[in-house]
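For reference, the structure is listed below as structure tokens.
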Amino acid sequence: MSYYFKFSPDLKSITMQETYSHASIEADIQKYWLDNNIFNVTEDPDKEKYYCLSMFPYPSGKLHMGHVRNYTIGDVIARFQRMQGKNVMQPMGWDAFGLPAENAAIQNNVPPAEWTNKNIVDMRSQLQKIGLAVDWNRELATCKPDYYRWEQWFFTRLLKKGLVYRKKATVNWDPVDQTVLANEQVIDGRGWRSDAIVEQREISQWFLKITDLGDELLNDLTQLDGWPRQVITMQENWIGRSEGVQLDFTVADSEEVLSVFTTRPDTLMGVTYVAIAPQHPLALQAAKNNATLGQFIEECKQVKSAEADMAVMEKKGMATGTYATHPLTGKQVPIWVANFVLMSYGSGAVMSVPAHDQRDWEFAKAYDLPIKAVIAAVGETSVDISACAFTEKGVLIDSGEFTGLSSADAFSKIAETLSAQSKGEKTVNYRLRDWGVSRQRYWGCPIPIIYCDSCGAVPVPEADLPVVLPEKVVFDETGGSPIKKMPEFYETTCPSCGKDATRETDTFDTFFESSWYYARYCSPNNDEKMLDERADYWLPVDQYIGGIEHAILHLLYARFFHKLMRDEGLVKTDEPFANLLTQGMVLAETFYKEPDKGAKQWIAPSALDINLNDKGQVQSATMKTDGSPVIYAGMSKMSKSKGNGVDPEVLIKQYGADTLRLFSMFAAPPDQSMEWSDSGVEGAQRFLNRLWRQLYLHLQALGDSSAQSLNPEKLNDNESALRRKLHLTITKVSDDMSRRFTFNTAIAASMELLNEVGRFQFKGDNAIALRHELLETLVVMLSPVTPHICQAMWVALGHEGLIVDQPWPEADESALEQSNVELMVQVNGKLRGKIKVAADAEKQEIIDIAMTEENVLRFIEDKTVRKTIVVAGRLVNIVAN
RNA sequence: GCCGGAGUGGUGGAAUCGGUAGACACGCGGGAUUCAAAAUCCCGUUCUGGUAACAGAGUGUGGGUUCAAGUCCCACCUCCGGCACCA
């Protein structure tokens, strides 16, 4: 193998050839970084710390472009911050529990642990080829007992504090495979393997009281000014704090009470029925003597409990035949079973005011229930209750003693009246529901609980932790959890009384692991404690980077967990992530064939000949194998199922990591989706080649002599303008990198500058010195994005050591000054000319010059000037008619 | 359905605080180099009219505010993300 150039092992010299080859350079530099622990960091109280974190990957076995994009964004930020002089920590690890390992186990007959561990090895080596500035000493995998033991311990602490409880909740039950299915395993209401109609089943599960911290989770969002506005809004809406009244309807001829929450107690006098969930005990009771009702309740079990499914399904209901007593009027209203009322949300019952709630209105219309208007519009607006519900606030009518009150007054008055009679109370309610953490799956962290007939649910004592998940298991076709069939796992004795007892076989939701990994990175290898004082140095995370799809669940659970850890004295801050950057998806072209019968068959673009028209659009595509035509389906998310993914490992081999990184950062701003383009990658490579060649030619011109120091005073006008451009570019790139995170425009500005350097005639030693400043600065500014080639060029420029330890360039204010500025001249808002004026010209002077501009005159000569507007440094607008 | 976001040339995108629409790149067209090709370099490239200068139109659709709107306001259309057991 021949090397175009070769580093000396100490990074002290390089023989630069005319053309750039990534092959040897990248591997050499990566090895240097790893061997010399360049990115391993320790706590240094004298330096400003910077914790840069990208969401850790699920070890699927194959790196995809989404990963490359995510980790490159983080890496660019980490390197940039290090060049700002900060003590930067960028860790990496594995979100290693989860469903895909179980699927692989069924498919390939490999135990999930073995499959996962192999994937981690493969993916680590793929990740390292991207050239990330990662401290690999901190690596963790959530499926290792030394990680998950701490969340088991923490769970038992929470249990003792009363923040954990057990209640029944619905799951998707596959009656054929006799197993619980994840939502994604239910397709059109059927089990993905068995094709059996899935039922909703109620089983006992563990919950964390996230609603206890609802107010704090909401209020502390105001601390997160480094988060995108949209994510804050989504979290606010998700938490959905509302103030209302919790009130009781008594069930006629019974001791039972139906407790309901309403945000509109002012409409209480308009209640004409009460709706309860199909699983509600009262519904089940009523069904005992009512076969039709029983059948309806059975049907309701077939609707998936996902909110989206609930929202679009047909609203159905049936009368129970029982009645509830209105708390104020004492009148009887019918109790209906409704398929849209969730048992697991609130008390499983709602009061219905069809006149003033659209969903209740539609239900009442469908089942011919009475509609009683109790709110009238304020002012002249008339309300037609027969067309739709009137949901605004207004003035109470037909409401007995409350008639005439405004909605706001009635809210308090009715709440007081209920309270005085002990029938209700003002309450704060959240849309947010408590976090169900039980999963009936194998590949997860065992929930550390032992069930004893005498003592109940007993937490596993600290000394017995961790409860280790057995890794040598055999999966059967149904996908049921193997540990549920392993007596050697679940048979145990009660820690309290010593009698025979049963271990919990459910495992934690994998969001449990991802809720605190960012903190554990700060205290690696501590087998005495979950976290230690090192976490106080690093936390909070200064910059968190990950997919927008995690905007709600993961980020909310992690914020919640952080507050729980704070209350336990494990961390000192209120919030885990000071700044958040949400990256968009990676898209690629998709093609499919549509067989006569059956579903679309997706074809990988690599298997096709794609014909473009003369405008470069996809015209048609045919199979490489037999020339048969396929259909172009536009851009969609890269995925296995659509076969439109590209393999980063192959691309790195072909183009190099720098080219791939450069393209990923250049193609779109990080928060937008990014379209994959083969020719775009080639364009990125061309740019690196041009940069390399410019530097090569420059160094050739210099020969053995080193560049003179630049004398800015002696530059001619063109040279000064070019130098001004350089320092403007420094300002722009610095802002793009640190504040805006628009790496695409930072790169574009560097390209623009290099284009000018290529066109410029540098004559004389001082001009050559200017070119040296230009190229050297470009190399430094591009180094966070393309660290390998820039390191090589840095050495070629005659420097020793690491470019990542160079200070970031600062713009020279004196280079930015200019004597003349160009202004646009508009007439009636339309651009008609351009003028050059002195930078300090007065307004009148500018207008006078603008008025003499030939093309401007054409548009104003037969008109009267009514107004002139001068925007400093930008434009002049002359209003004339 | 609910919550959040996005729509700009042939394409990805730029225009940061209401002030030059289309930076930068891809693609395409033309040229140079070459025996030829690849690679590289140079020029052109929103649309319409015009040799050109220039003019008119133009940022999903329809209205509005303003000297000035891709940017602000109202209504709508389409696409994307999330909706609690995919991660």
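Worth saying up front: this structure is predicted, and the values here are computed from it rather than measured. Proteins come first, then strands; the chains are lettered A, B, ... in the order of their sequence lines, and each starts at number 1.
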Between N755(A) and A25(B), does any side-chain N or O lie under 4.0 Å from OP1 or OP2?
yes
Under-4.0 Å side-chain N/O to phosphate OP1/OP2 contact, K830(A) with G19(B):
no
Among U16(B), U20(B), G56(B), the one nearest R832(A) by side-chain distance
G56(B)
Treating Y20(A) as the side-chain partner and R690(A) as the backbone partner, does any N or O pair qualify as donor plus acceptor under 3.5 Å?
no
Would you say the ring centroid of F512(A) lies under 6.0 angstrom from that of W435(A)?
yes
Any side-chain N or O of N744(A) below 4.0 angstrom from OP1/OP2 of C24(B)?
no
Base orientation of G9(B), chi within 90° of 0 counted as syn, else anti, reads syn
Does K167(A) make a cation-pi contact with F207(A), if we ask for NZ or CZ under 6.0 Å from the ring centre and within 45° of the axis?
yes
Compare the minimum distances between each of A87(B), C24(B), C41(B) and the side chain of E752(A), then state the nucleotide with the smallest one.
C24(B)
With respect to the side chain of L553(A), which nucleotide from A87(B), C67(B), G4(B) is positioned closest?
A87(B)
Answer yes or no: does a side-chain N or O of T745(A) lie under 4.0 Å from OP1 or OP2 of A14(B)?
no
Pull up the glycosidic torsion of C41(B) and say syn or anti, syn being anything within 90° of 0.
anti
Among G1(B), C41(B), A15(B), the nucleotide that comes nearest once only the side chain of E307(A) is considered:
G1(B)
To the side chain of R431(A), which of A25(B), U20(B), A84(B) is closest?
A84(B)
Counting heavy atoms from C-beta on, name the nucleotide in U20(B), G81(B), C83(B) closest to the side chain of M234(A).
G81(B)
List the protein contact pattern of nucleotides 68-76 of chain B with one symbol per nucleotide (5' to 3'): B for base contact, S for sugar-phosphate-only contact, - for none; contact means a heavy-atom distance under 4.0 Å.
S--------
F666(A) ring center near F743(A) ring center (under 6.0 Å)
no
Under a 3.5 Å cut-off for both distances, is A75(B) Watson-Crick or wobble paired, and to whom?
U61(B)
Is the distance from OP1 or OP2 of A15(B) to the nearest side-chain N or O of R740(A) less than 4.0 Å?
yes
According to a strict under-4.0 Å criterion, is R686(A) in side-chain N/O contact with OP1 or OP2 of G27(B)?
yes
Find the distance N70(A):CG to G81(B):C1' and express it as a whole number of Å.
16 Å
